[in-house]
Amino acid sequence: MKTFHITWLMFFVCFFGWFGLAPLMPTIRAELHLTKGEVGNCIIASVSATIIARLFIGKLCDVWGPRKTAIRLLLIGSLPVFLVGLAHSYTTFLLFRLAIGVIGASFVITQFHIKRDGKCYNRWLGQPGRWCNQYGNAFNIRGYSWFWLH
């Protein structure tokens with residue numbers, strides 16, 4: 001069970017970074033003077049990066065194991081999350097969103113880790129996926145409340 005709880009916590013942290021900009025998009029759009037099409041391109045880039053990264057993360061879980069892969073994903077994925085505030089144009093914001101999209105591949109690690117752990121039952125495999133809806137609510141609450149309170 002320890003593996004399950006550490007894994008879903010890692011999944012939550014990754015999703016927090018991945019979806020953390022969504023509540024702030026109206027402000028980001030105004031500050032960077034982005035058009036609707038450019039915002040759409042940023043969203044498409046983020047999702048595309050996630051899809052491609054999931055293919056590679058699955059192979060890395062086979063090679064390195066889920067723990068080492070998760071640690072490396074968290075360390076490497078934290079850099080664009082911290083640095084996205086330095087974006088000053090559409091191009092830099094698009095590149096940061098592309099890099100942040102890789103964090104979405106944490107779902108593969110979560111499923112891989114829980115499935116390989118002999119103490120967890122198959123009914124737990126879908127649990128982190130079901131919790132994604134609650135993660136989305138947490139991002140929206142966090143984004144709006146923190147932003148407007150400062």
Side-chain angles (χ1 to χ4, degrees), residues 3-62 64-115 123-150:
T3 301
F4 172 74
H5 291 298
I6 290 172
T7 302
W8 77 256
L9 185 61
M10 179 271 310
F11 186 49
F12 181 80
V13 169
C14 286
F15 263 67
F16 204 79
W18 190 27
F19 288 118
L21 290 176
L24 302 175
M25 279 309 289
T27 305
I28 294 169
R29 182 177 175 191
E31 290 291 322
L32 297 179
H33 308 292
L34 302 176
T35 64
K36 247 184 173 175
E38 291 171 338
V39 171
N41 288 341
C42 292
I43 294 168
I44 291 170
S46 180
V47 173
S48 300
T50 300
I51 293 169
I52 294 168
R54 285 182 179 192
L55 299 172
F56 290 107
I57 292 293
K59 181 64 178 166
L60 291 176
C61 281
D62 287 332
W64 293 336
R67 278 189 290 171
K68 290 181 182 177
T69 305
I71 290 168
R72 290 175 178 149
L73 181 66
L74 284 169
L75 290 175
I76 293 170
S78 67
L79 297 175
V81 172
F82 286 129
L83 297 175
V84 72
L86 301 176
H88 59 282
S89 67
Y90 164 67
T91 307
T92 55
F93 185 68
L94 178 69
L95 292 174
F96 279 121
R97 286 296 288 167
L98 191 67
I100 289 172
V102 174
I103 298 171
S106 63
F107 185 74
V108 174
I109 299 169
T110 304
Q111 294 299 301
F112 192 92
H113 214 173
I114 293 170
K115 192 173 183 180
R123 66 186 168 102
W124 291 108
L125 282 173
Q127 196 64 26
R130 286 189 287 275
W131 288 344
C132 286
N133 293 330
Q134 283 78 18
Y135 298 167
N137 293 331
F139 308 132
N140 285 325
I141 291 168
R142 186 267 323 169
Y144 289 120
S145 64
W146 287 2
F147 182 71
W148 294 112
L149 291 176
H150 289 7

Output side-chain donor-acceptor pairs under 3.5 Å for residues 73-86, partner residues at least two apart or in another chain, one line each.
unit_1, atom_1, unit_2, atom_2, d
Ser78, OG, Leu74, O, 3.4
Ser78, OG, Leu75, O, 2.8

Check residues 96-108 and write down every donor-acceptor pair under 3.5 Å in which the side-chain atom is one partner and the other belongs to a residue at least two apart or another chain.
unit_1, atom_1, unit_2, atom_2, d
Ser106, OG, Ile103, O, 3.2

Using distance only, find each side-chain donor-acceptor pair of residues 35-46 under 3.5 Å and give its atom names and separation, not counting sequence neighbours.
unit_1, atom_1, unit_2, atom_2, d
Thr35, OG1, Glu38, N, 3.2
Glu38, OE1, Thr35, N, 3.0
Asn41, ND2, Gly37, O, 3.4
Asn41, ND2, Tyr90, OH, 3.2
Ser46, OG, Trp18, NE1, 3.1

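Residues Ile28 and Met25 have side chains in contact (heavy-atom distance under 4.5 Å, counting atoms from C-beta outward). At a threshold of 4.5 Å between non-hydrogen side-chain atoms, the residues Ile52 and Phe56 count as touching.
Evaluated for a side-chain contact (heavy atoms from CB on, under 4.5 Å) with Pro66, the options Ile109, Leu60, Thr110 yield exactly one hit, Ile109.
The side-chain hydrogen bond (donor to acceptor under 3.5 Å, both in side chains) search around Thr69 returns none, not counting sequence neighbours. In this structure Lys68 satisfies the side-chain contact (heavy atoms from CB on, under 4.5 Å) test together with Trp64, Arg72, sequence neighbours excluded.
Considering CG of Asp62 and CD1 of Ile57, their distance stands at 11.5 Å, rounded to 0.5 Å.
Around the CZ atom of Arg67, the shell of radius 6.0 Å holds no more than 12 heavy atoms that belong to other residues, nucleotides or ligands.
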